[in-house]
S.K.: 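The following block contains the structure, expressed as structure tokens.
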Amino acid sequence: EIFNSDVANAMVEGLFREKLILTSKLLKLLSEEELKAIIAHELAHKKRTHIKVGFVGFIIIGAVIYSIAIYLLNSINFEGLTIFMGIFLFAYTLDYLICRYISRKIEKDADLLTTKVVEPKTYIKALSKIHFASYMPKEGVLNILMTHPSLKDRVKYIQREFNISDEEVEKIMDEAYKEVEELQKKVLKWILHTYIFYPLHQIQIMLSVQSLLKLMKMKSFLGLVRKH
């Protein structure tokens with residue numbers, strides 16, 4: 001299914017009736033081979049039943065963590081809302097971070113499975129283009145809050161798996177950045193033409209027509225004056 005969006009993304013959704021979703025921007029951004037690589041990644045999720053495994057895992061983890069939190073609340077004689085909120089906030093944070101960690105492991109598994117059926121360098125380039133087009137950081141401490149590994153981490157474990165040199169990776173990522181930049185320039189040019197230059201041109205034409213009509217009316221009026 002094609003979803004109209006300004007975000008370059010692909011996903012498999014649905015717990016029992018899974019379906020592949022591609023965004024319109026992704027189709028514009030990637031070449032045919034790069035698109036095949038990203039689709040292979042999503043199919044890897046389906047092959048490994050990641051959605052079902054993740055869903056069940058997240059429920060179990062949440063149930064365990066919140067059960068412990070409730071047990072602590074029942075065991076401790078606490079007074080006031082502060083301790084209650086503190087324990088539940090800690091439980092929520094722990095649940096969130098563990099689920100995010102598992103999600104990143106699932107993505108890594110799908111990445112490595114993908115590179116067994118598609119050209120690893122093509123896959124690195126496709127990932128790089130999506131990251132650059134989405135203005136996502138290559139790395140950072142805040143990555144622990146993300147569902148996907150950073151671009152740097154993803155590239156590193158693919159490099160290790162296939163012995164790809166740093167120079168080759170740098171070249172691939174430079175090419176990806178330039179292609180994304182070129183596409184964004186074209187999009188910006190289209191936006192400027194469609195929403196600024198073209199309307200201004202139309203306004204200019206309308207003003208010119210109005211001026212011409214006024215001039216014609218003036219000439220007609222002067223002609224009548226001369227006759228009389």
Side-chain angles (χ1 to χ4, degrees), residues 1-14 17-54 100-140 142-188:
E1 182 179 333
I2 308 300
F3 181 70
N4 190 27
S5 172
D6 292 330
V7 178
N9 198 11
M11 67 191 83
V12 173
E13 70 169 22
R17 299 181 66 180
E18 297 173 342
K19 64 178 179 179
L20 174 65
I21 295 177
L22 306 174
T23 64
S24 54
K25 184 170 182 178
L26 186 76
L27 298 178
K28 295 174 185 175
L29 180 69
L30 303 181
S31 68
E32 184 177 344
E33 291 304 310
E34 292 160 0
L35 186 60
K36 287 179 181 177
I38 295 301
I39 290 173
H41 172 87
E42 299 306 324
L43 294 178
H45 281 308
K46 185 174 181 179
K47 182 177 178 61
R48 299 285 203 202
T49 63
H50 283 155
I51 294 177
K52 295 180 179 67
V53 170
R100 285 293 190 265
Y101 174 79
I102 292 172
S103 180
R104 291 194 297 275
K105 288 297 181 183
I106 285 173
E107 291 300 328
K108 180 179 179 179
D109 184 46
D111 284 339
L112 294 177
L113 182 59
T114 300
T115 50
K116 291 179 180 178
V117 295
V118 302
E119 169 59 45
K121 294 177 186 178
T122 301
Y123 185 56
I124 289 174
K125 188 174 181 181
L127 289 177
S128 300
K129 288 172 80 170
I130 292 171
H131 273 70
F132 292 140
S134 304
Y135 304 101
M136 298 166 68
K138 289 184 184 179
E139 57 181 321
L142 292 178
N143 190 59
I144 62 171
L145 305 176
M146 304 299 176
T147 57
H148 289 59
S150 67
L151 177 60
K152 184 177 180 181
D153 288 340
R154 297 176 91 169
V155 170
K156 270 187 176 180
Y157 54 67
I158 294 172
Q159 266 188 282
R160 286 196 299 266
E161 189 75 14
F162 296 94
N163 296 316
I164 303 172
S165 68
D166 291 338
E167 290 76 17
E168 287 180 284
V169 168
E170 188 175 350
K171 182 181 178 182
I172 292 167
M173 293 178 76
D174 283 343
E175 287 177 1
Y177 183 81
K178 288 176 182 177
E179 288 179 22
V180 170
E181 191 176 39
E182 187 63 31
L183 178 64
Q184 289 174 337
K185 283 180 181 178
K186 290 179 180 179
V187 171
L188 179 60

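Because the structure is predicted, anything quoted here is derived from the model rather than measured. These numbers come from the heavy atoms of this one structure, side chains and all, not from hydrogens, waters or symmetry mates. Here, residue 1 is the first one in the sequence, and each next residue gets the next number.
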S.K.: Does OH in Tyr157 sit with more than 12 non-hydrogen atoms of other residues, nucleotides or ligands closer than 6.0 Å?
M.R.: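 Result for OH/Tyr157: enclosed.
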S.K.: With a 4.5 Å heavy-atom cut-off, do His41 and Leu127 have their side chains touching?
M.R.: no
S.K.: Nearest 0.5 angstrom please: Leu113 CG to Lys47 NZ, how far?
M.R.: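 Separation between the atoms: 7.0 Å.
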S.K.: Kindly compute the distance separating CD1 (Ile102) from NE2 (His50), expressed to the nearest 0.5 Å.
M.R.: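 Output value for this atom pair is 12.0 Å.
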S.K.: Would you say CZ of Phe3 has more than 12 non-hydrogen atoms from neighbouring residues, nucleotides or ligands within 6.0 angstrom?
M.R.: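 No.
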S.K.: Between Glu32 and Lys36, does the salt bridge (charged side-chain N to carboxylate O under 4.0 Å, His left out) criterion hold? Intermediate values first, please.
M.R.: CA-CA 6 Å; Glu32 184 177 344; Lys36 287 179 181 177; 3.6 Å; yes
S.K.: Of all heavy-atom pairs between Ile164 and Gln159, which one has the smallest distance, and what is that distance?
M.R.: O-NE2, 2.9 Å
S.K.: Between Leu151 and Met173, does a side-chain contact (heavy atoms from CB on, under 4.5 Å) hold up when you go through it step by step?
M.R.: CA-CA 10 Å; Leu151 177 60; Met173 293 178 76; 3.5 Å; yes
S.K.: Does Lys129 reach the main-chain N or O of Leu29 with its side chain, forming a donor-acceptor pair under 3.5 Å?
M.R.: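 A pair under 3.5 Å: yes.
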S.K.: With side chain to side chain contact (heavy atoms under 4.5 Å, CB included) as the test, pick out the partner of Leu26 among Leu35, Ile39, Ile21.
M.R.: Leu35
S.K.: Salt bridge check, Lys46 against Glu42: does any charged N sit closer than 4.0 Å to a carboxylate O?
M.R.: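 Answer for the salt bridge query: no.
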S.K.: Charged N to carboxylate O under 4.0 angstrom, Glu18 versus Lys52?
M.R.: yes
S.K.: With rounding to the nearest 0.5 angstrom, report the CD1 to NZ distance, Ile106 to Lys108.
M.R.: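 Rounded to the nearest 0.5 Å, the CD1-NZ separation comes to 13.5 Å.
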S.K.: Please list all pairs meeting salt bridge (charged side-chain N to carboxylate O under 4.0 Å, His left out) that have one or both residues in residues 164-173, counting only residues at least two apart or in different chains.
M.R.: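 For residues 164-173, and leaving out neighbouring residues, the salt bridge (charged side-chain N to carboxylate O under 4.0 Å, His left out) pairs sorted by first residue read Lys121-Glu168.
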S.K.: Looking at Ser150 and His131, what are the two nearest heavy atoms and their distance?
M.R.: C-NE2, 4.4 Å
S.K.: So which atom in Leu112 and which in Thr115 form the shortest heavy-atom distance, rounded to 0.1 Å?
M.R.: O-OG1, 2.9 Å
S.K.: My understanding is that only one of Glu175, Glu119, Glu33 makes a salt bridge (charged side-chain N to carboxylate O under 4.0 Å, His left out) with Lys125; could you say which?
M.R.: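 When Glu175, Glu119, Glu33 are each tested with Lys125, the salt bridge (charged side-chain N to carboxylate O under 4.0 Å, His left out) holds only for Glu175.
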S.K.: To the nearest 0.5 Å, tell me how far Leu30 CG sits from Ile38 CD1.
M.R.: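 The distance works out to 6.0 Å.
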S.K.: Identify the two heavy atoms, one from Ile158 and one from Pro120, that lie closest to each other, and give their separation to 0.1 Å.
M.R.: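 Shortest heavy-atom contact: CG2-CB, 4.1 Å.
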S.K.: Taking Thr23 for its side chain and Asn9 for its backbone only, find out whether a donor-acceptor pair lies under 3.5 Å.
M.R.: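 Answer holds: yes.
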S.K.: Residues in ring pair (Phe, Tyr, Trp, His ring centres under 6.0 Å) with Tyr177, at least two apart?
M.R.: Phe132
S.K.: Could you pull out the closest heavy-atom pair between Arg100 and Ile144, with the gap in Å?
M.R.: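 The pair with the smallest heavy-atom distance is CB-O, 3.7 Å.
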S.K.: Would you name the heavy atoms of Lys25 and Ala8 that are closest together and state the gap between them?
M.R.: CD-N, 3.9 Å
